[in-house]
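These values consider heavy atoms only, across backbone and side chains, with no hydrogens, waters or symmetry-generated copies. Fair warning: this is a prediction, and the values are worked out from it, not measured in the lab.
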Amino acid sequence: MRTHFAEVLARESACLAGVTDGAKLAGWRRRVVEELMTPRSPYVFALRQAGDGAERADFLDRWRELIAETLDRLPRSGATGDTHCSSGQTRRADVDPQKTAVLILAALHGGSTLSRIAKDPWPLNAALDLALAPFAATEDNGPARTVMSGPIGTMSP
């Protein structure tokens, strides 16, 4: 596996293992956005559409699985389909961790592409706001993140 793929997976494995609540998920998100906005980051190279398709598919599948495992153990907020965890926090029963992990990867890939073109992190943050909405913090587990909006032409809030 290419070095940047292996490096990203090693970092993600370590970082996502420590994500146990909404605040830690927000910290993971900030770190990944920073990585994707750094031109020479291994994250940028790993998400570019170049090279061996099978190797890229394996990388994305492994990253998706790391994200899905993390989401599966997180408390979730939402208005419908709620159940309660042993911690007393609300969990949305209708959120599929596998599908949401694909949505997060799509937000990371597409949002980072738009952000690099615009030289502005707004598109990446907007995409992640929507992908991570089922896991937004509630009053019980911290402040909720607001969805940013802005003019499409400038790509900024």
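Hydrophobic clustering (side-chain heavy atoms under 4.5 Å, transitive across Ile, Leu, Val, Met, Phe, Trp, Tyr) groups L60 together with V32. Linking Ile, Leu, Val, Met, Phe, Trp and Tyr whenever their side-chain heavy atoms come within less than 4.5 Å leaves F45 and W63 in two separate clusters. Hydrophobic clustering places L9 together with L36 (ILVMFWY residues linked when any side-chain heavy atoms are closer than 4.5 Å, directly or through intermediates). There is a path of hydrophobic side-chain contacts, each under 4.5 Å, that joins L16 to L47. One hydrophobic cluster holds both V95 and I67 under the rule that ILVMFWY side chains link at heavy-atom gaps under 4.5 Å.
Remark: side-chain polar atoms of R56 are paired, donor with acceptor, to backbone N or O of A46 under 3.5 angstrom.
Taking every heavy atom of both residues into account, P97 and L71 meet most closely at O-CD1, 3.8 Å. When every heavy atom of R29 is checked against every heavy atom of L132, the shortest pair comes out as NH1-CD1, 3.9 Å. Nearest approach of P123 to S115, heavy atoms of both residues: CD-OG, 3.4 Å. When all heavy atoms of A131 and A107 are compared, the pair lying nearest together is CB-CB, 4.0 Å. Of all the heavy atoms in R31 and C15, the pair that sits closest is NE-SG, 3.3 Å. Scanning both residues, P39 and R48, for their nearest heavy atoms gives O-NH2, 4.4 Å.
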Legend entry - Residue pair V44, H4: steps toward the side-chain contact (heavy atoms from CB on, under 4.5 Å) verdict: CA-CA 9 Å; V44 172; H4 48 267; over 6 Å; no
Inset, instruction - Show your working on side-chain contact (heavy atoms from CB on, under 4.5 Å) between L108 and L105 and close with a plain yes or no. - result: CA-CA 5 Å; L108 290 170; L105 283 176; 4.2 Å; yes
Inset, instruction - Please lay out, stage by stage, how D58 and R62 fare under the test salt bridge (charged side-chain N to carboxylate O under 4.0 Å, His left out). - result: CA-CA 6 Å; D58 180 51; R62 290 169 64 186; 3.6 Å; yes
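H109 contributes atom NE2, which lies 16.0 Å from atom CD1 of I104 (distance to the nearest 0.5 angstrom). Here the CG atom belonging to L124 is positioned 5.0 Å from the CG atom belonging to L128, to the nearest 0.5 angstrom. For the atom pair CG of L66 and CG of D61, the computed distance is 10.0 Å after rounding to the nearest 0.5 Å. The line from CZ of R30 to CG of L25 is 9.5 Å long, rounded to the nearest 0.5 Å.
A side-chain hydrogen bond (donor to acceptor under 3.5 Å, both in side chains) with Y43 is found for one member of E34, E7, E12 and no other, namely E12.
The aromatic rings of F59 and F5 lie parallel to each other, their planes meeting at an angle below 30°, with 60° marking the opposite boundary.
With a 4.5 Å cut-off on side-chain heavy atoms, Q98 and E65 count as touching. For the pair T70 and W28, the minimum side-chain heavy-atom distance is 4.5 Å or more.
Judged as a side chain to side chain donor-acceptor pair (under 3.5 Å), and not counting sequence neighbours, the contacts of S41 are E35.
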